[in-house]
Amino acid sequence: MEGLPILSLMMLAPLAGAAACLFAGAAAARWIALGATLVTFVLGVVLWSNYQIGGPQWQFTEEANLFAGFQYKLGIDGIALMLIMLSVFLMPVCILASWESVQKRVGEYMAAFLFMEVLMIGTFAAQDLFLFYVFFEAGLIPMYLIIGVWGGDNRIYASYKFFLYTLFGSVLMLIAMFWMVAEAGTSDIPTLMQYSFPAGAQTWLWLAFFASFAVKVPMWPLHTWLPDAHVQAPTAGSVILAGVLLKLGGYGFIRFSLPMFPEASAQFAWLVFALSMIAVVYTSLVALVQTDMKKLIAYSSVAHMAIVTVGLFAFNVQGLEGAMIVMLSHGLVSGALFLCVGVIYDRLHTREIARYGGLAINMPYYALFFLLFTMASIGLPGTSGFVGEFLSLAGIYQTSSLVALICTTGIILGAAYMLYLYRRVAFGGQVNEDAAAMRDISAREWVMMAPIAAAVMWMGVYPESFLAPMRADIAVLDARLAAAAPAGDAKLAPGAPRAAAANAMPHHEGSETSSAKEGAH
Amino acid sequence: MHTILIIVFAPLVAALIAGLGNRFLGNVAAKSVTTGALLLSAGLSWPIFLGFIGGTESAEVVQVLKWVESGTLNFDWALRVDTLTAIMLVVINTVSALVHLYSWGYMEEDPDQPRFFAYLSLFTFAMLMLVTADNLVQMFFGWEGVGLASYLLIGFWFKKPSAGAAAIKAFVVNRVGDLGFMLGIFGTYLVFQTTSIPEILAAAPGMSGSTITFVGMRLYTMDILCILLFIGAMGKSAQLGLHTWLPDAMEGPTPVSALIHAATMVTAGVFMLCRLSPMFETAPTALTIVTIVGAATCFFAATIGTTQWDIKRVIAYSTCSQLGYMFFAAGVGAYGAAMFHLFTHAFFKALLFLGAGSVIHAMHHEQDMRYYGGLRKHIPFTFYAMLAGTLAITGLGVYHLGVGFAGFWSKDAILEVAYARHNGAGQFAFWAGAIAALLTSFYSWRLMFLTFWGKPRWIESEHIQHSVHKTPAEAGEDTTGGYHPHESPITMLIPLGLLTIGAIAAGQVFAPSFLDSAAFWNGSIFYNEDLIHAMHAVPYWVKYTALIVMLIGFAGAYVAYIAKPDIPAKFVATFGALHNFVYRKWYFDELYDAIFVKPAFWLGNKFWKLGDIGTIDRFGPNGIAWAVERSSVAAKSIQSGYVYTYALIMLLGLVAAVTFVLL
């Protein structure tokens with residue numbers, strides 16, 4: 001593997017595919033796109049299998065000086081590796097999901113997706129601050145196009161909202177980046193992660209980055225672009241939006257805000273907690289009353305991502321690892337849920353929940369997949385959702401039992417809105433004739449869903465595969481945060497242990513002195 | 001190869017085969033593979049259990065796979081087998097195997113049999129994971145797994161709206177309890193830095209004097225941890241406040257009610273308390289709460305049982321009530337007695353449910369006891385089985401003769417021990433338990449008299465009318481409507497017969513081990529020898545309380561439903577408000593609907609319409625759009641949809657700026 005620029009290759013493959021798609025006919029473009037994403041995925045598997053757990057922190061590094069001190073510098077740690085794997089895993093699924101549903105300007109559509117894949121890999125692999133910024137912001141352009149050109153009836157409004165929110169944050173972040181480079185004298189991300197910015201400056205830098213990342217996550221109250229974007233986006237657009245683009249915010253926190261501004265992160269943890277607690281309760285309740293399937297799942301995403309943010313700002317290993325697993329899990333599960341919506345949308349062309357019902361009768365395998373992803377979404381143990389939520393909440397409990405209590409109510413509300421959705425779609429009688437006539441999932445749809453289902457179960461039963469590559473990186477981050485970490489609210493105070501068990505009784509053989517002899521039995 | 005691996009994973013493999021094979025496999029193959037797996041598991045479980053009684057088995061833990069390692073928070077997939085687990089193994093696998101067999105007959109006409117049997121086996125697997133757990137998180141896995149299976153089985157007939165609603169209710173109400181369980185696990189990890197049960201139990205006494213802050217309150221550490229865990233137990237075991245899902249769960253097929261909602265899953269909370277008993281013994285306040293909640297539940301549920309007409313709902317409330325006994329037994333420190341009642345209850349309650357299923361099967365799906373009557377001679381085998389079950393649950397037995405049905409041994413022990421505990425909570429529990437025992441006897445005999453005695457009232461039933469194609473007017477004097485109830489097929493009668501043996505003899509045979517043998521428990525629960533001695537030393541009137549109240553309840557039911565059948569109507573006419581209060585289940589459903597369900601939807605709508613759309617969007621993006629539109633140049637571009645071109649230009653401009661600055 002020495003010397004092979006695999007990260008660049010992983011970006012080159014979809015880039016070449018994108019270029020080819022622009023000049024290919026519809027049918028050819030589909031196959032080119034599928035081929036290119038599969039090649040990238042295989043390269044991703046090679047990447048993962050060559051990643052040395054316990055090896056150097058940054059691996060597969062590549063460096064090239066471009067013009068004006070602007071550096072093309074790539075490299076990944078375990079955290080970036082997992083997010084790249086998530087991206088390249090979901091991409092072929094997206095292409096398959098668009099196979100029949102997209103008929104207009106197929107070549108351009110496929111090119112947009114492939115180009116987005118290039119930018120997503122670039123974002124996670126970039127080791128230069130400005131290179132990161134370019135990938136990070138440019139990644140949104142194909143998304144604007146996908147929503148704006150191939151979206152639903154109200155696509156213009158949705159893409160406008162998407163644009164406005166994200167632009168607002170990124171301008172502030174860019175200014176902060178300038179300041180940082182001027183102060184530290186480098187734009188090298190690994191170096192900046194070790195750099196100690198003055199505490200006063202950290203406050204402003206943190207807020208500037210927060211503006212950008214909080215929109216991406218999205219955190220309440222900056223979340224209202226998400227439901228509209230999802231509703232208007234084509235299925236595959238929703239999958240990538242929920243699966244990968246939302247993770248950019250969480251990745252930003254873990255790569256920039258926490259390691260670069262640890263004191264400010266501790267200082268503003270209360271803000272993150274407050275917004276997250278509101279998000280869990282507020283958006284879960286909003287999800288409960290939705291009549292549009294995509295909106296419901298979009299709102300549930302906001303609630304789930306709030307668990308990510310509290311985990312990240314718990315300042316301990318469980319919180320950080322939990323947040324990462326929630327991100328990976330949510331990427332798979334919400335992506336799969338949007339696929340589930342897409343499958344029936346393709347058949348009936350409506351997202352109105354009430355237009356369905358009783359699908360377990362005519363689409364039993366569909367109902368099974370939908371059930372699995374529903375259960376993963378509500379964090380059933382044995383699925384990926386549980387591991388992440390559990391670790392994240394266990395992490396936050398050590399910092400604040402109140403935040404843990406409020407956020408854990410998400411498991412009740414989540415069950416309520418997801419099962420209510422499932423009941424209206426899959427259970428009940430077949431009230432709508434056209435819905436009752438829909439056929440069960442096709443071979444293509446099996447190929448889309450089954451791998452995600454397998455990954456969800458794998459991550460639920462043996463998450464070690466995913467935790468192991470990140471362990472050392474999280475430990476480094478945790479060590480860096482340790483000095484700034486706020487004290488937990490538990491304040492466990494030792495006391496003299498009780499002499500006897502709660503139900504100790506006087507000894508039966510006449511000795512009336514209450515004795516502490518229960519240990520003897 | 002460890003036997004326990006086969007016991008636990010055979011049902012999972014069978015569930016996957018039957019569930020995924022489904023139509024391709026066909027009914028008989030799916031049924032055979034699942035039933036076969038359960039017979040295998042049950043067959044392998046009994047030798048282990050008898051080995052623990054004989055003292056030849058010893059506790060062991062089989063590691064299966066690493067699960068999670070995150071900092072110091074580590075837990076594995078592992079199977080623990082000790083006395084406590086062995087009891088649960090025989091209960092779960094025996095009842096499950098019998099319910100599988102019973103379902104061959106009961107579900108014979110159902111079009112979806114493979115799915116049903118797959119769910120049953122899946123449930124069994126999850127329940128086995130729960131009881132073999134060596135750490136709290138695996139217990140939670142089983143806990144949620146049985147919740148999933150329960151959800152699927154309650155909603156098995158998903159075309160019925162009521163089944164779908166009941167399934168959601170069961171899951172969500174259980175999740176309220178799970179909130180407590182999860183916080184309990186988090187807190188336990190925070191305090192002990194482990195989720196391993198043996199390590200926690202060893203360290204718990206050392207923490208009994210410590211204090212901790214929870215949501216701003218300063219509390220004894222062990223009290224708050226145990227209270228949180230107990231909230232989890234309350235949800236799963238349908239204790240007062242979190243009980244509302246259990247009666248609705250009767251929407252599921254009757255074999256499900258017998259297996260999940262009587263014999264096994266709902267007892268998980270009791271199991272948890274016993275498994276963690278050394279921990280709970282360091283938390284006096286928590287145990288007082290356990291005692292009071294258990295005692296209150298056992299009384300409360302029994303009152304409702306006296307007024308219901310649906311045969312399954314009567315038994316459901318009875319289950320709820322019996323679980324209350326188990327909890328207050330644990331609360332006063334008699335974990336052995338709690339487990340003993342769990343054990344005997346599994347046999348006689350499964351028997352009663354399967355018997356009820358046999359009656360429902362015979363009566364063309366009618367569940368309303370008002371339309372039964374005189375069935376004794378028509379379905380005699382079912383009648384004798386249910387008679388044995390009724391004698392067991394009402395606890396017929398005589399102390400001085402040393403003989404009694406299963407329920408006599410366990411329930412009597414619980415009442416005695418509550419009395420012997422000699423504290424306020426114990427006294428409350430004793431009297432609540434005694435009154436509940438009277439009510440238990442009354443509603444159980446009421447069920448028997450309404451169903452098997454008296455004149456047939458069948459023609460009033462719509463199900464029967466549907467079957468015989470007659471209205472009550474057409475049937476005239478003949479209140480049977482010409483309907484002929486048939487005894488159930490042999491696959492249903494074999495389980496009834498075997499469970500009848502359990503309901504008669506399980507108490508007599510196993511009482512010495514469960515109640516009096518520290519060696520039998522072998523450290524798997526907190527065994528309080530002094531308390532057991534005090535239990536045996538209670539006055540004779542206490543020992544005869546159970547029998548006396550049982551006879552009073554029997555006599556009451558006899559008078560009201562055989563001798564003077566007009567009494568119930570007169571009672572209702574006189575005490576209408578009281579009857580209504582009890583009949584409407586103390587208005588819990590209405591209350592929860594008003595304070596939780598409706599406000600949740602109302603708030604959701606307000607947050608959405610007034611919060612997101614009315615405030616955030618209005619002053620956020622739409623406000624900006626409005627401002628931009630006022631400046632005419634940009635407005636056209638936004639409306640014509642080229643906003644992304646601007647985005648691109650802006651971005652490229654910024655990149656250019658960066659480059660420029662760095663030069």
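Residue numbers begin at 1 in each chain, while the letters A, B, ... track the order of the sequences. Here the structure is a predicted model, which means the values were calculated and not measured.
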*Asks:* Name every donor-acceptor pair, under 3.5 Å, that has one atom in a side chain of residues 162-180 of chain B and the other anywhere in the protein, sequence neighbours excluded.
*Replies:*
from: B:Ser162; atom 1: OG; to: B:Glu251; atom 2: OE1; distance (Å): 3.1
from: B:Ser162; atom 1: OG; to: B:Glu251; atom 2: OE2; distance (Å): 3.4
from: B:Lys169; atom 1: NZ; to: B:Asp248; atom 2: OD2; distance (Å): 3.0
from: B:Lys169; atom 1: NZ; to: B:Asp589; atom 2: OD1; distance (Å): 2.9
from: B:Asn174; atom 1: OD1; to: B:Lys236; atom 2: N; distance (Å): 3.3
from: B:Asn174; atom 1: ND2; to: B:Ala170; atom 2: O; distance (Å): 2.9
from: B:Arg175; atom 1: NE; to: B:Glu144; atom 2: OE1; distance (Å): 3.2
from: B:Arg175; atom 1: NH1; to: A:Ile378; atom 2: O; distance (Å): 2.8
from: B:Arg175; atom 1: NH1; to: A:Ile411; atom 2: O; distance (Å): 3.0
from: B:Arg175; atom 1: NH2; to: A:Ile378; atom 2: O; distance (Å): 3.0
from: B:Arg175; atom 1: NH2; to: B:Glu144; atom 2: OE1; distance (Å): 2.6
from: B:Asp178; atom 1: OD1; to: B:Trp143; atom 2: NE1; distance (Å): 3.0

*Asks:* Heavy atoms only: give me the nearest B:Ser70-A:Leu391 pair and the separation to one decimal.
*Replies:*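 The pair with the smallest heavy-atom distance is CB-CD2, 3.8 Å.
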*Asks:* Pick whichever of B:Gly426, B:Gly333, B:Ser208 has the most heavy-atom pairs under 4.5 Å with chain A.
*Replies:*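 Result: the option with the highest number of such pairs is B:Ser208.
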*Asks:* If you count every heavy atom of other residues, nucleotides or ligands that lies below 6.0 Å from B:Tyr220 atom OH, does the total exceed 12?
*Replies:*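 No, not enclosed.
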*Asks:* To check you understand the geometry: which heavy-atom pair defines the closest contact between B:Lys66 and A:Tyr462, and what is its length?
*Replies:*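 Where B:Lys66 meets A:Tyr462 most closely, the heavy atoms are O-CD1, 3.3 Å.
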*Asks:* So which atom in A:Ala502 and which in B:Phe280 form the shortest heavy-atom distance, rounded to 0.1 Å?
*Replies:*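 That closest heavy-atom pairing would be CB-O, 4.5 Å.
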*Asks:* Would you compute the distance between atom CH2 of B:Trp602 and atom CG of A:Leu288 and round it to the nearest 0.5 angstrom?
*Replies:*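 So the gap between those two atoms works out to 14.5 Å.
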*Asks:* Select one option (side chain, backbone, both, neither) describing which atoms of A:Ala496 are under 4.5 Å from chain B's heavy atoms.
*Replies:*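 Answer is backbone: N, CA, C or O of A:Ala496 sit under 4.5 Å from chain B.
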*Asks:* Answer with side chain, backbone, both or neither: which region of A:Ala182 has an atom nearer than 4.5 Å to a non-hydrogen atom of chain B?
*Replies:*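 Interface part for A:Ala182: neither.
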*Asks:* Taking side chain as everything from C-beta outward and backbone as N, CA, C, O, which of these in B:Met222 sits under 4.5 Å from a heavy atom of chain A? Side chain, backbone, both or neither.
*Replies:*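 B:Met222 has no heavy atom closer than 4.5 Å to chain A.
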*Asks:* Could you check if a side-chain atom of A:Arg498 sits within less than 4.5 angstrom of a side-chain atom of B:Thr282, using non-hydrogen atoms only?
*Replies:*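 Not touching, per the 4.5 Å side-chain cut-off.
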*Asks:* Look at atom CZ of B:Arg218 and say whether more than 12 heavy atoms of other residues, nucleotides or ligands are closer to it than 6.0 Å.
*Replies:*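 Atom CZ in B:Arg218 is packed in, count exceeds 12.
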*Asks:* Could you go through B:Phe75 and A:Phe390, starting from their C-alpha distance and side-chain angles, then the distance that decides it, and tell me whether this counts as ring-ring contact (aromatic ring centres under 6.0 Å, His included)?
*Replies:* CA-CA 12 Å; B:Phe75 38 90; A:Phe390 182 83; 5.7 Å; yes
*Asks:* Report the C-alpha distance between B:Asp617 and A:Thr224 in whole Å, list the side-chain angles of each, state the deciding distance to 0.1 Å, and finish with yes or no for side chain to side chain donor-acceptor pair (under 3.5 Å).
*Replies:* CA-CA 7 Å; B:Asp617 277 353; A:Thr224 61; 2.7 Å; yes
*Asks:* With chain A as the partner, which of B:Ile532, B:Thr221, B:Val137 has the greatest number of non-hydrogen pairs under 4.5 Å?
*Replies:*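 Between B:Ile532, B:Thr221, B:Val137, the count favours B:Val137.
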*Asks:* Measuring heavy-atom distances to chain A, does B:Leu183 have an atom under 4.5 Å in its side chain, in its backbone, in both, or in neither?
*Replies:*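 Both backbone and side chain of B:Leu183 come within 4.5 Å of chain A.
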*Asks:* Please test B:Leu65 against A:Glu464 for side chain to side chain contact (heavy atoms under 4.5 Å, CB included), starting from the C-alpha separation and ending with a verdict.
*Replies:* CA-CA 10 Å; B:Leu65 188 71; A:Glu464 181 63 13; over 6 Å; no
*Asks:* Taking side chain to side chain donor-acceptor pair (under 3.5 Å) as the cut-off, I'd like each qualifying pair that reaches into residues 400-429 of chain A, sequence neighbours left out, listed once.
*Replies:*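 Side chain to side chain donor-acceptor pair (under 3.5 Å) check on residues 400-429 of chain A returns A:Ser401-A:Asp489.
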*Asks:* Side chains of A:Gln398 and B:Tyr189: donor-acceptor distance under 3.5 Å anywhere?
*Replies:*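 Note: A:Gln398 and B:Tyr189 side chains miss the donor-acceptor criterion.
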*Asks:* Using every non-hydrogen atom in the two residues, find where A:Met505 and B:Arg421 come nearest and quote the distance to one decimal.
*Replies:*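 Minimum heavy-atom separation between A:Met505 and B:Arg421: SD-NH1, 3.6 Å.
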*Asks:* Let's test your reading of the structure: which of B:Phe158, B:Trp67, B:Phe214 forms the most heavy-atom pairs below 4.5 Å with chain A?
*Replies:*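 Among the listed options, the one with the most contacts to chain A is B:Phe158.
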*Asks:* What residue in A:Ala404, A:Gly429, A:Gly428 has the most heavy-atom pairs under 4.5 Å with chain B?
*Replies:*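 Heavy-atom pairs under 4.5 Å are most numerous for A:Gly428.
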*Asks:* In Å and rounded to the nearest 0.5 Å, what is the CG to OH distance from A:Leu380 to B:Tyr151?
*Replies:*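 Reported value, rounded in 0.5 Å steps: 11.5 Å.
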*Asks:* Pair A:Asn503, B:Glu281 - check side chain to side chain contact (heavy atoms under 4.5 Å, CB included), show working.
*Replies:* CA-CA 7 Å; A:Asn503 282 310; B:Glu281 283 293 323; 3.0 Å; yes
*Asks:* Determine whether A:Tyr365 and B:Asn22 satisfy the following criterion, side chain to side chain donor-acceptor pair (under 3.5 Å), listing intermediate values before the conclusion.
*Replies:* CA-CA 11 Å; A:Tyr365 285 105; B:Asn22 213 318; 5.9 Å; no
*Asks:* Which heavy-atom pair separates B:Pro205 from A:Pro497 by the least distance, and what is that distance?
*Replies:*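 Residues B:Pro205 and A:Pro497, closest heavy atoms: O-CB, 3.4 Å.
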*Asks:* With a 6.0 Å cut-off (strictly less than), is the heavy-atom count around NZ of B:Lys160, excluding the residue itself, greater than 12?
*Replies:*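 Enclosed: over 12 neighbouring heavy atoms sit under 6.0 Å from NZ of B:Lys160.
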*Asks:* Find the one option among B:Ile613, B:Leu531, B:Leu287 whose heavy-atom pairs under 4.5 Å with chain A are most numerous.
*Replies:*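 Between B:Ile613, B:Leu531, B:Leu287, the count favours B:Leu531.
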*Asks:* I'd like to know whether the aromatic ring centres of A:Phe386 and B:Phe141 sit less than 6.0 Å apart in this structure.
*Replies:*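 Here the rings of B:Phe141 and A:Phe386 have centres that are no less than 6.0 Å from each other.
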*Asks:* Is B:Thr72 close to chain A through its backbone or its side chain, or both, or neither, when contacts mean heavy atoms under 4.5 Å?
*Replies:*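 Both parts, backbone and side chain.
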*Asks:* Heavy-atom distance under 4.5 Å to chain B: side chain of A:Glu321, backbone, both or neither?
*Replies:*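 Contact with chain B involves the side chain of A:Glu321 alone.
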*Asks:* Can you tell me how far NZ of A:Lys491 sits from OG1 of B:Thr211, rounded to the nearest 0.5 angstrom?
*Replies:*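 Rounded to the nearest 0.5 Å, the OG1-NZ separation comes out at 11.0 Å.
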*Asks:* Could you label the plane-to-plane angle of the A:Tyr397 and B:Phe186 rings as parallel, tilted or perpendicular, counting under 30° as parallel and over 60° as perpendicular?
*Replies:*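 Taking B:Phe186 first and then A:Tyr397, their aromatic rings sit tilted (interplane angle of 30° to 60°).
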*Asks:* First locate atom CZ of A:Phe427, then atom CH2 of B:Trp157, and finally report the distance between them rounded to the nearest 0.5 Å.
*Replies:*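 It comes to 14.0 Å.
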*Asks:* Look up atom OG1 in B:Thr213 and atom CG in A:Leu492, then write down how far apart they are to the nearest 0.5 Å.
*Replies:*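 These two atoms lie 9.0 Å from each other.
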*Asks:* Tell me, out of A:Gly357, A:Gly358, A:Gly460, A:Gly410, who's got the most heavy-atom pairs with chain B below 4.5 Å.
*Replies:*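 Looking at each of A:Gly357, A:Gly358, A:Gly460, A:Gly410 in turn, A:Gly460 comes out on top.
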*Asks:* Which bit of B:Asp223 is near chain A, if near means a heavy-atom gap under 4.5 Å: side chain, backbone, both or neither?
*Replies:*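 Contact with chain A involves the side chain of B:Asp223 alone.
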*Asks:* Return the option, out of A:Val286, A:Leu402, A:Val317, with the maximum number of heavy-atom pairs under 4.5 Å with chain B.
*Replies:*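 Most pairs with chain B among the choices: A:Val286.
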*Asks:* For each of A:Trp225, A:Tyr157, A:Trp220, tally heavy-atom pairs with chain B at distances under 4.5 Å, and name the one with the top tally.
*Replies:*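 Among A:Trp225, A:Tyr157, A:Trp220, the one with the most close pairs to chain B is A:Tyr157.
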*Asks:* Using non-hydrogen atoms only, which part of B:Leu20 is less than 4.5 Å away from chain A: side chain, backbone, both, or neither?
*Replies:*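 Both parts, heavy atoms under 4.5 Å.
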*Asks:* Count the heavy-atom pairs under 4.5 Å between each of A:Ile361, A:Ile396, A:Leu467 and chain B, then report the option with the highest count.
*Replies:*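 Most pairs with chain B among the choices: A:Ile361.
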*Asks:* If you take all heavy atoms of A:Leu285 and B:Ala600, which pair is closest and at what distance?
*Replies:*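 So the minimum-distance heavy-atom pair works out to CD2-O, 3.7 Å.
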*Asks:* Select one option (side chain, backbone, both, neither) describing which atoms of A:Gln430 are under 4.5 Å from chain B's heavy atoms.
*Replies:*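 For A:Gln430, there is no contact with chain B at all, as no heavy atom is under 4.5 Å.
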*Asks:* Quick one: pull up OG1 in A:Thr283 and CH2 in B:Trp608 and give me the separation to the nearest 0.5 Å.
*Replies:*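 Atom-to-atom, A:Thr283:OG1 and B:Trp608:CH2 are 14.0 Å apart.
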*Asks:* If you tally heavy-atom pairs under 4.5 Å against chain B, which of A:Val387, A:Val461, A:Leu413 wins?
*Replies:*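 Most heavy-atom pairs within the cutoff with chain B belong to A:Val461.
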*Asks:* Determine the option with the most heavy-atom pairs under 4.5 angstrom with chain A, choosing from B:Val332, B:Leu152, B:Leu73, B:Asp612.
*Replies:*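 Among the listed options, the one with the most contacts to chain A is B:Asp612.
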*Asks:* Does some side-chain heavy atom of A:Val281 sit less than 4.5 Å from a side-chain heavy atom of B:Leu603?
*Replies:*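 No. Closest side-chain heavy atoms not under 4.5 Å.
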